[in-house]
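So the structure is just underneath, and the comments pick up after that.
Chain naming here is simple, since letters A, B, ... match the order of the sequence lines and numbering starts at 1 in each.
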There are 2 protein chains.
Amino acid sequence: MTKNYSSEIASPLSSNHEDYLKAIYILEARGEQVTNSVLSDYIGFTPASATNMVKKLSQMDLVIYRPHQAVSLTPTGRRVALEILRHHRLLELFLHKTLDIPWDSVHEEAERLEHVISEALEDAIAASLGYPKVDPHGDPIPTKTGEVGHTPGHPLSQAKAGRAYRLVRVLSQEKERLAYLGRLGLSLNVELFLREQAPFDGPVLVEVAGVEHALAAEMAALLQVVPASAK
Amino acid sequence: MTKNYSSEIASPLSSNHEDYLKAIYILEARGEQVTNSVLSDYIGFTPASATNMVKKLSQMDLVIYRPHQAVSLTPTGRRVALEILRHHRLLELFLHKTLDIPWDSVHEEAERLEHVISEALEDAIAASLGYPKVDPHGDPIPTKTGEVGHTPGHPLSQAKAGRAYRLVRVLSQEKERLAYLGRLGLSLNVELFLREQAPFDGPVLVEVAGVEHALAAEMAALLQVVPASAK
DNA sequence: AGTAGTTTTTAGTCATGGCTAAATTGTAAA
DNA sequence: TTTACAATTTAGCCATGACTAAAAACTACT
């Protein structure tokens, strides 16, 4: 497997290494302080294991580690994380568009594939999709050079009642949640009409394809929308 | 990752385990006695490592191991091997047809992907290709239930001069070899005319798309053909 | 500042699966 | 049958990266 970061990294990285880097990237991007417990929670290993791995990544110059401090990525570490994320999101879109894999299943599939595709395959996939900018959840696909586009939109929970919106991003990869949204007729770029916005973080009333649904506030907060008129 | 053999196997298999099983299957299919040295040569690990792994696979009831004897697959072991082989060949064809990956590159790519695709993805790929029978090298794709079709044809080295043939299989996965054949205009189902068959295992003279080429006997032996008239 | 409680790190265990080197076994020729 | 050579297996080493349990270090409250 040829990686475009192979030139700067001594030893080849395992899927595991890549998962840690990706996790750190995602947690950082969420604006969280990537403490050991946050990281170990996210990746599903014990805190001791996380410390261990972080130290190793630090020796490889992929992360910056100072005991008892939040970890962060070095420029190289970030490049690796973004390459994996690019693989992941390209794969999600590819699986969805080319093989009709439902949007609530593409995440777990891509989770394994992202570590084993070559540069050539990555390129072929990107080309076949016409160099897309976002995956089926609206998450931006990093470019080969590591730029991450800014996604427009704001949470549906902050939208105004009585207006039409378009769904541009779902901030969740959970199968159940996505399957539920799918059942409501919601998927990327679908239009919806916000009927009512209950106060005090109450549920939201939306109309999708002529049918009305109540959405928990928690769910509405995960739906990023733009006014329906907007491109 | 859901495997259809998961019900019969206690511990999940690593890529490595799968590679051993696949290797044993392929060597058996070649009609070779799968001795320890043959196996270790093929997989590229030391004989000691092979013995070790074979013992483990034997404990898992995937192979039959008797010291100093050729290894063989149990029914379950064979099922696993065939599932991986099915993944491999479906992937090769998919990469070639859907993403235009050249036929001399699909093998190494599939080598990594074969271990991480789910049943659902395998099915989606098979469906999108119309349930194909052979991969881009003419190797038969095992069915889900583990049947391996018989491929017709005989080596070009045993064909008669002055007749037209169609290439139905290439018994090699080597990138260089395949790239070379590709340059001659040879790929699956291409027609060729056998001009001359030099005696004493000498080279063979073929015409492909109106151009004449000499082929080493060694190479001609790897090309399986049928009379051009045959379906 | 002292102390309780939480977080992080350290220390040490275990399984995996490669390796080398040495012992064993099997085979074939004298 | 003995002996030599090749193939195989055993024994033991090493790195990896998970784990638990215990120690250490931070934080926050009194």
What nucleotide, of [options], holds the atom closest to the side chain of [X]?
{"X": "Met53(B)", "options": "dC19(C), dG18(C), dA18(D)", "value": "dG18(C)"}
{"X": "Thr35(B)", "options": "dG18(C), dT8(D), dC19(D)", "value": "dT8(D)"}
{"X": "Ala48(B)", "options": "dG17(C), dT20(C), dC19(D)", "value": "dT20(C)"}
{"X": "Asn36(B)", "options": "dT9(D), dA11(C), dG18(C)", "value": "dT9(D)"}
{"X": "Lys56(A)", "options": "dT9(D), dT9(C), dG17(D)", "value": "dG17(D)"}
{"X": "Phe45(A)", "options": "dC19(D), dG17(C), dT8(C)", "value": "dC19(D)"}
{"X": "Pro47(A)", "options": "dT9(C), dG17(D), dG18(C)", "value": "dT9(C)"}
{"X": "His68(A)", "options": "dG17(D), dT10(C), dA25(D)", "value": "dA25(D)"}

Value in whole Å for how far the [atom2] atom of [N] lies from [atom1] of [X]:
{"X": "Gln69(A)", "N": "dT27(D)", "atom1": "CD", "atom2": "C1'", "value": "14 Å"}
{"X": "Arg66(A)", "N": "dT9(C)", "atom1": "CZ", "atom2": "P", "value": "12 Å"}
{"X": "Leu39(A)", "N": "dT9(C)", "atom1": "CG", "atom2": "C1'", "value": "14 Å"}
{"X": "Asp41(A)", "N": "dT7(C)", "atom1": "CG", "atom2": "C1'", "value": "12 Å"}
{"X": "Gln33(A)", "N": "dC26(D)", "atom1": "CD", "atom2": "C1'", "value": "15 Å"}
{"X": "Asn16(A)", "N": "dA15(D)", "atom1": "CG", "atom2": "C1'", "value": "15 Å"}
{"X": "Glu18(B)", "N": "dG17(C)", "atom1": "CD", "atom2": "P", "value": "12 Å"}
{"X": "His17(A)", "N": "dA15(D)", "atom1": "NE2", "atom2": "P", "value": "15 Å"}

So, is [X] close to the [N] phosphate, meaning a side-chain N or O under 4.0 Å from OP1 or OP2?
{"X": "Thr51(A)", "N": "dT8(C)", "value": "no"}
{"X": "Ser49(B)", "N": "dC19(C)", "value": "yes"}
{"X": "Lys55(B)", "N": "dG17(C)", "value": "no"}

Practice item. Pick base, sugar-phosphate or nothing for Ser37(A), based on heavy-atom distances below 4.0 Å to the nucleic acid. Key: sugar-phosphate
Point to revise | Closest-nucleotide 5' rank along DNA chain C - winner of Tyr65(A) and Asn52(A) | key: Tyr65(A)
Review point. Of Val170(B), Val168(B), Leu171(B), Val204(B), which meets side chain to side chain contact (heavy atoms under 4.5 Å, CB included) against Leu223(B)?
Key: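 Of the listed options, the one satisfying the test is Val170(B).
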Review point. Side chains of Gln224(A) and Thr151(A): do they bring a donor and an acceptor to under 3.5 Å?
Key: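 Side-chain D/A pair, Gln224(A) to Thr151(A): absent.
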Review point. Would you find a donor on one side and an acceptor on the other, under 3.5 Å apart, between the side chain of Trp103(A) and the backbone of Leu178(A)?
Key: yes
Review point. Closest nucleotide of DNA chain D for Gly44(A) versus for Pro67(A): which of these residues is on the 5' side?
Key: Gly44(A)
Check your understanding: Taking all non-hydrogen atoms of both residues, which atom of Ala23(B) and which atom of Tyr42(B) are closest, and how far apart?
Key -> CB-CD2, 3.4 Å
Exercise for review: Grab the two heavy atoms, one from Leu21(B) and one from Ala81(B), that are nearest each other, plus how far apart they are.
Suggested key: O-CB, 3.7 Å
**Study point:** Residues Glu83(A) and Lys22(A) bridged, charged N to O under 4.0 Å
**Key:**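 Salt bridge absent between Glu83(A) and Lys22(A).
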